[in-house]
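Notes follow the structure.
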Amino acid sequence: MKLPTAFYQRPDVVRIARELVGKYLFTRIDGVLTGGRIVETEAYAHIGDQACHSHLGRFTNRTKVMYEAGGIAYCYLIYGRYTLFNIITNEAGKADAVLIRGLEPTEGVAEMLLRRGLPAPARNLTAGPGLLTQALGITTKHYGTDVSGDLIWIEDHAERMPDERLVASPRVGIDYAGLDAALPWRFRLKGSPWVSPAK
DNA sequence: TATCAGATCGACT
DNA sequence: GTCGATCTGATAC
């Protein structure tokens, strides 16, 4: 079943990030269904987390949707080339987010290959936050899109996801956040080849 | 106003 | 293992 908006509006972003591992992310962009199982996420909290774009109430053109109520997409460009896909959580004004870093393709693989320009399924089809957005057709145009809608949504297939299959570790690429960089807010599905390549 | 570093990936050595 | 592509926001002048 499709996760309702209420799922994202709960206050504990770390718990939401953990629960999203094993759920299924789908998009129907240009009328084509693509998606797969989420195998890697990271939590970003607006309070006490320097790595979060909304830390200390930063409010810019880029971060403004983070301050809306949970359940919408926060897409932005990094390094001038890659779109990263986050889901805003918590209630309006409490700008928390979950970054989707890794996906195991299950639906619409042919279309994903086309979008990625690959001849055959390979690990680099969706293993990495900048890659899965390409494969799913997510761009900055989807900034602010409802993730419980008909364009982008997440389904719960009621798979058993035992704790021992979930690995918590520090997040990636945020050394600038000082001590906060050590917070174990990155969640991966143990043994999945579809987790992102970054250390 | 200018500079810098970043929640990345892929090409190349 | 290293480096370039090239956009955004933060910080320094």
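The figures that follow rest on heavy atoms only: side chains count, while hydrogens, waters and symmetry mates do not. Here is the naming used below: chain letters follow the sequence lines, and residue numbers restart at 1 for every chain. This is a predicted model, so every value here is computed, not measured.
- Classification of Glu19(A) and Arg15(A) as a salt-bridged pair holds, one side-chain N sitting under 4.0 Å from a carboxylate O.
- Across the protein-nucleic acid pair, Arg186(A) atom CZ and dT8(B) atom C1' stand 13 Å apart, rounded to whole Å.
- Tested against Thr34(A), the residues Arg28(A), Glu111(A), Glu107(A) include a single side chain to side chain contact (heavy atoms under 4.5 Å, CB included) partner, Glu111(A).
- The Ile78(A) side chain lies nearest to dG6(B) when the options are dG10(B), dA10(C), dG6(B).
- Base engagement by Leu99(A) is indicated by at least one non-hydrogen atom pair under 4.0 Å involving a base atom.
- Atoms NE2 (His55(A)) and P (dG6(B)) sit 16 Å apart, rounded to a whole Å.
- The listed nucleotides are dT8(B), dA10(C), dC7(C); the one nearest the side chain of Arg58(A) is dA10(C).
- Note: OH (Tyr44(A)) to P (dG6(B)) measures 13 Å, nearest angstrom.
- Cluster membership check: Leu20(A) does not share its hydrophobic cluster with Trp153(A), using side-chain heavy-atom separations under 4.5 Å among Ile, Leu, Val, Met, Phe, Trp and Tyr.
- For Arg81(A), counting side-chain heavy atoms from C-beta on, the closest listed nucleotide (dG9(C), dG10(B), dT6(C)) is dT6(C).
- Using a cutoff of 4.0 Å between basic side-chain nitrogens and carboxylate oxygens, Arg186(A) and Glu40(A) are scored as salt-bridged.
- The side chain of Arg62(A) sits closest to dG9(C) out of dG9(C), dC9(B), dC7(C).
- Nearest to the side-chain atoms of Tyr79(A) among the listed nucleotides dG9(C), dG6(B), dT6(C) stands dG6(B).
- Nearest nucleotide to the side chain of Leu131(A), out of dG9(C), dC9(B), dT6(C): dC9(B).
- Taking atom OH of Tyr76(A) as the reference point, atom P of dT6(C) lies 19 Å away to the nearest angstrom.
- Few gaps surround NZ on Lys23(A); more than 12 heavy atoms of other groups in view lie less than 6.0 Å from it.
- Listed for the Arg115(A) side chain is a donor-acceptor partner under 3.5 Å among the backbone atoms of Leu136(A).
- Residue contacts shown for Arg171(A) are absent, as no nucleic acid heavy atom lies under 4.0 Å away.
- With 3.5 Å as the limit, one finds no donor-acceptor pair spanning the side chains of Thr140(A) and Thr83(A).
- Protein atom CD of Gln50(A) is 16 Å distant from nucleotide atom C1' of dG9(C), rounded to whole Å.
- Here dT8(C) presents its P atom at 12 Å from OH of Tyr143(A), a figure rounded to the nearest Å.
- Contact annotation: Arg101(A) side-chain N/O to dC9(B) OP1/OP2 distance is not under 4.0 Å.
- Below 30°, between 30° and 60°, or above 60°: for Phe59(A) and Tyr67(A) the angle between ring planes is between 30° and 60°, a tilted geometry.
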>> Let's test your reading of the pairing rules: Watson-Crick or G-U wobble, both distances under 3.5 Å, then write DNA chain C as a dot-bracket string with ( ), [ ], | and dots.
In response: |||||.||||||.

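- The nearest heavy atom of DNA chain B to Asn124(A) and to Ile174(A) marks one nucleotide each, and the one closer to the 5' end goes with Ile174(A).
- Atom CG in Leu125(A) sits roughly 14 Å away from atom C1' in dC9(B) (whole-Å rounding).
- Atoms CG (Asp175(A)) and P (dA5(B)) sit 13 Å apart, rounded to a whole Å.
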